[in-house]
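So that the names make sense, note that chain A is the first sequence line, chain B the second, and so on, each numbered from 1. The figures that follow rest on heavy atoms only: side chains count, while hydrogens, waters and symmetry mates do not.
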Amino acid sequence: MDPLYRPEGVEERWQRIWEEEGLYNADPDPTRTSFVDMHPPPNVTGELHMGHALQLALGDSAIRRKRMQGYNALFQPGYDHAGISTQAAVEKHLERVEGTTRQALGREAFEARVWEWLREYGGKIMFQFRRMGASLDYRRERFTMDPEYTRAVYTYFKRLYDKGYIYRANRIINWCPYHQTALSDLELDHKEVDDTLSYIRYPFLEGDGGITVATVRPATILADVAVAVNPNDERYRDAIGREVIVPFVERPVLVIADERVEIEFGTGALKITPGHDPTDFEIGRDHSLPQPIVIGPDGRMNAHAGPLAGMTQEEAGEHILDWCRQRGLLERQEPYRHSIAICERCESRIEPLISPQWWCRMDELKKPAIEALRARLVVFHPESQHEFAIRSLEEAPDWCISRQLWWGHQLPLWQCENGHWTATAGETPSACEHCGSAELARSTDVLDTWFSSALWPFAPLGWPEHTPDLEAFYPGDLQTTAREIIRLWENRMIFSGLEVLGEVPFTDVVIHSTVLAPDGRRMSKSLGTGIDPLDVIGEYGADATRYGLLKMSSTQDVRFNYGFMQEGRKLANKLWNAARLLLAACEGRGVEPGIRPATTAERWILARIDAARAEIDEHFEAFRFAHMVQTLYRLTFDDFCDWYLEAIKPQLREADFDTLATSLGALERLLRLLHPVMPHVTEEIWTNLPSRATRLIVAPWPDPDDRWADDVDALLRVQDAAAIFRRSQVLVQLTAEERVIFAAVVRPERVKADGNAQLEIERLRKEVSRSERMLANERFVANAAPEVVEGEREKLARYERELRALEGGRRLER
RNA sequence: GGGCGGUUAGCUCAGCUGGGAGAGCGCUUCCCUUACAAGGAAGAGGUCGCUGGUUCGAGCCCAGCACCGCCCACCA
């Protein structure tokens with residue numbers, strides 16, 4: 001064995017073997033309890049990024065431990081068709097490589113091209129997932145546009161439609177002029193821009209004077225239908241009810257009063273353009289005003305803009321401002337920096353547009369989901385995110401589910417010549433269900449991509465059929481995901497699961513940190529701040545990368561730091577060399593792993609391993625992955641290598657048979673504990689141990705084992721060792737064995753209170769020390785409530801009593 | 001504007017119910033015929049963002065402030 005552990009080659013080999021031997025597979029098995037992580041399906045055109053890598057490390061370590069614990073562990077892989085994102089990528093490709101557009105191709109041909117493009121450029125991320133060592137059941141790979149999945153989508157759609165949850169409404173929506181589609185609020189980004197705020201006077205129809213409004217979009221003046229002021233605004237009290245003339249179009253409109261107008265902003269008067277502004281839309285609706293539209297879907301002025309038709313908004317705006325300027329109506333202009341909505345994909349400025357869209361009612365769907373969250377049938381971690389999830393659901397407005405895209409699940413809705421709509425679960429209807437007309441045209445819209453994502457916990461398992469998979473693996477258990485996806489995805493999976501299967505789809509949602517670039521900015525390709533996980537794996541190995549990512553997975557966001565991976569690499573190398581030492585000592589002696597501790601050092605390490613096991617179990621159950629790997633690091637470095645192996649070196653040289661057997665037994669346990677985090681190096685060492693019939697990946701997780709805890713002899717020796725140390729400060733005076741024991745005493749920060757007697761002593765000593773300090777504090781004794789002081793005295797007495805009992809009456813001087 | 005999180009060693013971060021400030025990296029010194037120099041031993045380095053409060057005692061609890069980040073939001 002090489003003294004330097006080299007992960008390259010080793011990792012790929014095990015990844016291949018595990019998969020070929022079917023060890024990643026999960027099949028329905030009524031005799032076993034399942035554990036399911038329906039892993040977030042990445043964009044089919046995506047590549048592995050740090051967020052994926054972190055999610056894989058989290059999910060896979062949890063899955064591997066559960067698998068070792070005997071659960072039927074399903075780690076579900078798949079891809080999301082990612083509607084707008086994929087369409088945009090293909091369009092860009094068409095433009096750049098072929099100089100054509102989707103419009104030129106036509107819908108059918110374009111769709112065919114997307115599929116073709118996906119065959120070439122898509123679906124590659126699973127290879128990268130494999131490279132992380134992710135034990136997904138790759139046989140089960142699903143795509144949200146698979147025929148079976150699509151059937152689930154349509155079945156769900158029809159179900160909601162029949163319940164009256166899906167309806168069509170003409171509302172103001174976010175329109176992307178580039179993608180030519182409606183977007184939900186959640187698909188927008190916001191950007192600060194420098195704009196000009198123009199103050200324009202609207203003269204009164206009768207009498208002198210007028211009202212001045214401030215606007216950044218003069219082009220929308222063409223669609224003004226009123227001027228609104230706040231009813232509490234003294235300045236305009238007398239203006240309410242009068243009429244003013246809209247410049248350029250020279251049309252009289254009413255001055256109305258509405259509380260939504262901010263008195264403080266601009267002049268306190270707001271021009272109302274219901275067709276092109278969300279607030280104005282609401283105000284206009286509540287005052288029954290018309291909704292003229294002067295800007296078309298392409299973002300340019302439309303036919304209703306009269307002489308300005310066909311112009312861009314900027315050109316039209318300039319025309320109007322000129323007109324005002326000439327007539328002295330443009331009072332002033334000032335620079336104005338504000339934030340505008342942009343398309344998160346193409347960064348085009350979003351046009352608020354009135355347009356007929358399909359909506360999904362949330363009132364009925366979200367109610368059971370909120371109840372389930374309140375009842376903690378699903379728990380988000382950390383707790384603050386649980387509160388956020390509940391609040392998000394409570395506040396969730398109706399969901400705009402239609403998109404004017406070509407890539408996605410085309411709405412299963414047909415409209416007859418009389419304007420009636422007929423919904424199906426995907427099949428073409430023979431006649432309108434309202435009037436029987438056979439002249440039907442299918443809606444050209446597609447569904448929001450998240451509509452299909454919402455079915456991820458059950459559609460890959462065969463729903464709407466009642467399959468054995470569904471029976472075995474629904475509901476699932478774990479979700480690992482990023483914060484920003486809670487509203488878009490987690491909440492929708494929860495209410496969808498409750499709606500169609502009556503049970504929450506999983507029990508725990510771990511919201512993990514965002515890994516930032518080393519300089520604290522977001523990792524992103526466009527900023528050039530991204531770090532490719534495959535490069536990291538190439539340099540440090542997948543095990544070290546997994547370790548490092550878990551170390552970074554606290555609740556707060558964290559800057560990427562290679563130090564975490566270095567730590568992981570050190571750990572892998574340390575383990576490798578520890579194994580090398582033991583295997584070399586056992587070479588050719590026919591030793592098999594066994595647990596036959598004869599010395600204190602051996603009982604001590606077995607007790608330490610079990611104590612660490614308990615800690616690791618606790619951390620796993622509480623999703624404290626960063627703490628969990630820290631426990632592993634200390635167990636391996638401090639306890640196993642620095643103390644235990646140093647202690648048994650004399651016996652190793654003598655090739656004491658029991659010592660060798662026990663050392664291999666201890667190593668085995670250590671490997672099992674490390675395997676969920678560092679599967680490759682542990683499996684590689686495991687396979688080199690004598691008589692290994694099974695793979696480590698399916699070896700049992702260590703059970704609690706407290707047989708080695710109560711070793712009074714060891715405790716006395718520990719105390720002696722500590723005493724020697726304190727007297728002389730010279731560690732070399734201790735025997736190797738004493739040094740091992742000493743570790744438990746002199747480094748108490750490494751041990752946690754549990755059933756282990758040594759640790760209990762340490763805890764008691766700490767308590768005694770604390771009590772003594774408090775009671776030595778004169779002000780405490782003088783000022784604290786008497787019962788508190790008395791209680792402290794009693795506690796001290798009790799601790800001392802317990803300590804003496806544990807120490808067998810041989811308490812050392814302190 | 002609202003919500004959430006953060007501020008601890010040069011860097012990246014831990015720090016549980018309030019009771020002797022921690023890790024990794026980096027740095028200093030010493031140690032290579034030794035399982036591992038991607039190693040071992042020892043060490044330096046911190047008014048725990050600021051101000052006030054509660055308490056016998058505050059990194060931790062409370063209030064205010066400052067700065068940073070994220071999410072949400074209809075100030076034209």
Side-chain angles (χ1 to χ4, degrees), chain A residues 1-5 172 185-186 190 195 197-198 213-217 220 228 260-273 277-283 336 338-339 341 352 382 384-385 387-388 391-392 395 483-484 486-487 513-514 516 518 520-522 540 544 548 551-552 554-585 622 624 626-627 630 633-634 637 641-642 645-646 649 652 731-732 749 752 766-767 769-775 777-785 788-789 792:
Chain A
M1 289 167 87
D2 196 320
L4 190 62
Y5 172 62
I172 195 147
D185 290 348
L186 302 175
H190 291 86
D195 239 324
L197 193 57
S198 303
V213 303
T215 181
V216 290
R217 299 176 68 198
T220 62
R260 281 165 284 199
V261 179
E262 296 283 333
I263 297 175
E264 306 299 327
F265 188 88
T267 61
L270 173 64
K271 68 184 204 62
I272 299 300
T273 319
D277 183 274
T279 308
D280 295 7
F281 177 80
E282 287 177 20
I283 294 177
Y336 180 59
H338 66 142
S339 108
S384 58
Q385 300 303 329
E387 301 301 321
F388 174 73
R391 219 169 39 243
S392 304
E395 295 168 357
R483 255 194 315 274
E484 66 262 24
I486 293 175
R487 291 161 184 257
S513 49
T514 303
L516 303 170
R521 290 188 293 168
R522 253 192 126 65
Y540 296 88
K551 197 81 193 280
M552 280 189 258
S554 56
T555 55
Q556 66 163 315
D557 293 345
V558 57
R559 296 180 180 204
F560 185 87
N561 187 322
Y562 285 101
F564 292 114
M565 278 70 187
Q566 284 167 16
E567 208 176 301
R569 186 170 58 181
K570 264 177 64 177
L571 180 56
N573 192 56
K574 192 72 175 173
L575 192 66
W576 179 254
N577 279 289
R580 231 160 51 89
L581 171 70
L582 294 180
L583 289 171
R624 290 188 298 254
H627 288 85
Q630 180 163 324
Y633 188 91
R634 295 195 164 170
F637 264 79
C641 293
D642 295 353
L645 289 186
E646 292 303 326
K649 269 183 181 172
L652 290 183
L731 201 53
V732 291
E749 73 278 4
K752 289 274 161 67
K766 232 176 141 178
E767 293 289 353
S769 156
R770 190 180 59 84
S771 284
E772 283 176 350
R773 260 198 329 282
M774 286 171 71
L775 290 167
N777 180 338
E778 286 168 27
R779 294 175 65 193
F780 169 65
V781 176
N783 298 330
V788 172
V789 178
E792 202 56 43

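- Within the 4.5 Å cutoff, no side-chain heavy atoms of Gln630(A) are placed close to those of Glu567(A).
- Annotation: side chain to side chain contact (heavy atoms under 4.5 Å, CB included) contacts of Glu282(A) (sequence neighbours excluded): Arg260(A), Arg285(A).
- Across rC16(B) and rG59(B), the matching C1' atoms stand 14 Å from one another, rounded to whole Å.
- In this structure, Met565(A) atom CE and rC13(B) atom C1' are separated by 14 Å, rounded to whole Å.
- Remark: C1' of rG18(B) and CD of Glu792(A) are 13 Å apart, rounded to the nearest angstrom.
- Atom CZ in Phe388(A) sits about 7 Å away from atom P in rC72(B), given to the nearest Å.
- For the P atoms, the distance from rU12(B) to rC75(B) is 35 Å, rounded to whole Å.
- Comparing rA14(B), rG3(B), rG19(B) by their closest approach to the side chain of Arg391(A) singles out rG3(B).
- The interatomic distance linking Met774(A) (CE) with rA58(B) (P) rounds to 13 Å, in whole Å.
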- [ ] Represent RNA chain B in dot-bracket notation, 5' to 3'. Only Watson-Crick or G-U wobble pairs with both distances under 3.5 Å count; pseudoknot-style crossings use [ ] and interstrand partners use |.
- [x] (((((((..((((.....[..)))).(((((.......))))).....(((((..]....))))))))))))....
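- Nearest heavy-atom pair across Lys551(A) and Phe564(A) is CG-CD2, 3.4 Å.
- Distance check: Lys570(A) NZ to Met565(A) CE gives 15.5 Å after rounding to the nearest 0.5 Å.
- Checking rA76(B), rC36(B), rC56(B) against the side-chain heavy atoms of Asn577(A) singles out rC36(B) as nearest.
- In this structure, Phe637(A) reaches the sugar-phosphate backbone alone: every heavy-atom distance under 4.0 Å involves primed, P, OP1 or OP2 atoms, never a base.
- If you take atom P in rC70(B) and the same atom in rC61(B), they sit 25 Å apart, rounded to whole Å.
- Comparing atom distances between the Lys570(A) side chain and each of rG39(B), rC56(B), rC74(B) picks out rG39(B) as nearest.
- Taking every side-chain heavy atom of Val558(A) into account, rC13(B) is the closest of rC70(B), rC13(B), rG20(B).
- Relative to the side chain of Arg580(A), the nucleotides rA76(B), rC71(B), rC36(B) differ in distance, and rC36(B) lies closest.
- For the atom pair CZ (Phe780(A)) and CD (Glu792(A)), the distance works out to 5.0 Å, reported to the nearest 0.5 Å.
- Note that NZ of Lys271(A) is 7.0 Å distant from CG of Asp280(A), once rounded to the nearest 0.5 Å.
- Taking every side-chain heavy atom of Thr215(A) into account, rA76(B) is the closest of rA38(B), rA14(B), rA76(B).
- Distance OG1/Thr215(A) to CG/Asp277(A): 9.0 Å, rounded to 0.5 Å.
- Here, rC25(B) and rA38(B) have their C1' atoms 13 Å apart, quoted to the whole Å.
- Each of Val781(A) and Arg559(A) lies near RNA chain B, and the nucleotide nearest Arg559(A) is the one positioned closer to the 5' end.
- When the nucleotides rG24(B), rC71(B), rA35(B) are ranked by their closest atom to the side chain of Arg522(A), rC71(B) comes out on top.
- When all heavy atoms of Leu516(A) and Arg521(A) are compared, the pair lying nearest together is CB-O, 3.4 Å.
- Following rounding to the nearest Å, Arg487(A) (CZ) and rC4(B) (P) show an atom-to-atom distance of 13 Å.
- Sequence order on RNA chain B of the closest nucleotides to Gln385(A) and Cys641(A) puts Gln385(A) first from the 5' end.
- Taking atom CD on Gln566(A) and atom P on rG24(B), their separation rounds to 13 Å, with Å as the unit.
- Within 4.0 Å (heavy atoms only), Lys551(A) reaches no atom of the nucleic acid at all.
- Using P as the reference atom, rU28(B) and rG45(B) are 15 Å apart when rounded to the nearest Å.
- In this structure, Asn777(A) reaches the bases: a heavy-atom distance under 4.0 Å links it to at least one base atom across the strands shown.
- Closest contact between the side chain of Asn561(A) and the listed nucleotides rA14(B), rC11(B), rG19(B) involves rC11(B).
- Between Leu571(A) atom CG and rG39(B) atom P the separation is 11 Å, expressed in whole Å.
- Nucleic acid contact class of Ala578(A) (heavy atoms, under 4.0 Å, all strands): base.
- Side-chain atoms of Asn577(A) and Pro3(A), non-hydrogen and from C-beta on, do get closer than 4.5 Å to each other.
- Between rG18(B) and rC68(B), the distance separating the two P atoms is 32 Å to the nearest Å.
- For rA38(B), its base never sits under 3.5 Å from the side chain of Lys574(A) at any donor and acceptor pair.
- Salt-bridge formation is not detected for the pair Arg522(A)/Asp557(A): no Lys NZ or Arg NE/NH1/NH2 atom is positioned less than 4.0 Å from an Asp or Glu carboxylate oxygen.
- Only the C1' atoms considered, rC60(B) is 14 Å distant from rU54(B), to the nearest whole Å.
- For His627(A) and rA23(B), the shortest distance from a side-chain N or O to OP1 or OP2 is not below 4.0 Å.
- Each of rU12(B), rA14(B), rG3(B) was ranked by its minimum atom distance to the side chain of Phe564(A); first place goes to rU12(B).
- Here the separation of rG15(B) from rG53(B), taken at their P atoms, is 29 Å to the nearest Å.
- To the nearest angstrom, P of rA76(B) lies 9 Å from CG of Asp195(A).
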